[in-house]
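The structure appears below as structure tokens.
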Number of protein chains: 2
Amino acid sequence: MTVGRKEAARVGRARSTTAAELGRIGLELFIERGFDEVTVDEIAAAAGIGRRTFFRYFPSKNDLPWGDFDAMLGRMRAHLSDIPADIPLYDALRAAVIDFNTFPDAELPLHRQRMEVLLRTPTLVAHSALRYQSWRQVIADFVAARLGVAADALQPQTIGWACLGISLAAYDQWLAHPEQVLTDLIHQGFVQMREVFCSRAVPGDV
Amino acid sequence: MTVGRKEAARVGRARSTTAAELGRIGLELFIERGFDEVTVDEIAAAAGIGRRTFFRYFPSKNDLPWGDFDAMLGRMRAHLSDIPADIPLYDALRAAVIDFNTFPDAELPLHRQRMEVLLRTPTLVAHSALRYQSWRQVIADFVAARLGVAADALQPQTIGWACLGISLAAYDQWLAHPEQVLTDLIHQGFVQMREVFCSRAVPGDV
DNA sequence: TTCCCTACGGCACTCAGTGCCATTAGTATG
DNA sequence: CATACTAATGGCACTGAGTGCCGTAGGGAA
């Protein structure tokens, strides 16, 4: 079980590239010409590998633009578990979602382009639904632990959807209005959600 | 501009089937053998039409299980515009979402099977994202009108996501626990959303 | 060197989806 | 009835994603 940080020396033939490198090359092509205008053959050729090999690095063309999303989920999970128990759930969620979407200024331009591809290409909008499932589950697990209920119960799942929705609506604004600040938009989303859902209930509400 | 209810007599060759009929046949196969196990060729053969013709009734295999979703959206839009202006936004949304997902008892078993296919097949979960865009927009348009802001503004879009999330989380519970009542679950989702988002804010919250 | 192990990549195949176009089956008109 | 017009059908060929199979290349270990 050598979990060497680079596992520099392994048996067998050395890998000819990395998922990160392949992702960089592919994303560049997508940004330049549009997702649907680039074939897997072209990405493979640009990376100097065979088409068959591409599918050993990414299960599908759709997965390429996401980069190492699982690692990001891991960090969000870690961040959530670091939040003190006396912070109210609403504030904890807001902090975690904002943290998840906070990037160094230097990375913002590329992040914007990546999200432009991901959120403005119908094929990818569709495929993203599968990634969002894992994202929502991270939120749901946290909410479930806080409330002492099962992670697949209605409330944690509903809140998972709400947080996802706040994020995606914020991204949509951010892409349309580049002068705005992404994390501010997420904050506003949380506030505006509260505005609507905390309006006075009519009599008879449970 | 003859908008005859059946337009019984038109010029040109008569259609050999209908989208509804094709949808019925296809859905039956999907329920029986699973979405991924049925090819378009098989659906076409079962319906007695050519494969090429299938794609004139549905833009993709993924669209078949949805039936006439646009018509349902139209009804939701109509229902929303019938809601008196003095009903609070939260209550109006809850009523509309519940109404959208209310079906006669006789239709429930089939509806459950349809949703089972739609929500438990990864391919369709992904594709659904595109349908949900239109659904959310109906909600967003209503919220925007109520609040007097643009339909593509942050708040209407965020609330659109929230309502979608409440619905889908409720459907997930409903599929997992057949003894529960779908519309009750949606109601609970609205209540539970409020529970979390209306918890006391810490000082400094805008 | 030889062995072993792992990654590579070519090939052939399935299936979704599309453009093209000849054919079919209707209605309208003389 | 014959002809003209119109719209749907469906066959054919093609592109592109994704997969199983398998021989080969390139690395470390004995």
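Lettering follows sequence order; numbering is per chain, from 1.
The stretch residues 20-28 of chain A does not touch DNA chain C, since none of its heavy atoms comes less than 4.0 Å from the strand.
Checked against the 6.0 Å centroid criterion, the rings of A:Phe30 and A:Phe35 qualify as a close aromatic pair. Within the 6.0 Å centre-distance limit, the rings of B:His111 and B:Tyr171 are counted as a close aromatic pair.
The main-chain N or O of A:Phe190 is found under 3.5 Å from a side-chain atom of A:Tyr90 such that the two form a donor-acceptor pair. Between the side chain of A:Arg136 and the backbone N or O of A:Trp161 there is no donor-acceptor pair closer than 3.5 Å.
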Pairs under 3.5 angstrom, nitrogen or oxygen only, protein versus nucleotides 7-10 of chain C, please.
residue: C:dC8; atom: OP1; partner: A:Ser16; partner atom: N; Å: 2.9
residue: C:dC8; atom: OP1; partner: A:Ser16; partner atom: OG; Å: 2.8
residue: C:dC8; atom: OP1; partner: A:Tyr57; partner atom: OH; Å: 2.7
residue: C:dC8; atom: O4'; partner: A:Arg13; partner atom: NH1; Å: 3.4
residue: C:dG9; atom: OP2; partner: A:Gly50; partner atom: N; Å: 2.9
residue: C:dG9; atom: OP2; partner: A:Thr53; partner atom: OG1; Å: 3.0
residue: C:dG9; atom: N7; partner: A:Arg56; partner atom: NH1; Å: 2.8
residue: C:dG9; atom: O6; partner: A:Arg56; partner atom: NH2; Å: 2.3

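Listed by chain and residue number, B:Asp141 satisfy the side-chain hydrogen bond (donor to acceptor under 3.5 Å, both in side chains) test with B:Arg77 (two or more places apart in sequence, or in another chain).
Rounded to whole angstrom, the span from the CG atom of A:Asp41 across to the P atom of C:dC11 amounts to 13 Å. One atom, NE2 of A:His127, and another, P of D:dA17, lie 14 Å apart when rounded to the nearest Å. Spacing between atom CD1 of A:Ile43 and atom P of D:dG16 amounts to 12 Å, rounded to whole angstrom units. In this structure, A:Phe55 atom CZ and C:dC11 atom C1' are separated by 15 Å, rounded to whole Å. For the pair A:Asp36 CG and C:dA16 P, the interatomic distance rounds to 19 Å; values are reported in whole Å. Across the protein-nucleic acid pair, A:Phe35 atom CZ and D:dA17 atom P stand 8 Å apart, rounded to whole Å.
Ionic pairing of A:Arg24 and A:Glu28 is present here: one or more N-O contacts between side-chain nitrogen and carboxylate oxygen are shorter than 4.0 angstrom. Note on A:Glu107 versus A:Arg112: no salt bridge recorded, every NZ/NE/NH1/NH2 to OD/OE distance being 4.0 Å or above.
For the pair A:Val97/A:Trp135, a side-chain contact is recorded, criterion being any heavy-atom separation below 4.5 Å from C-beta on.
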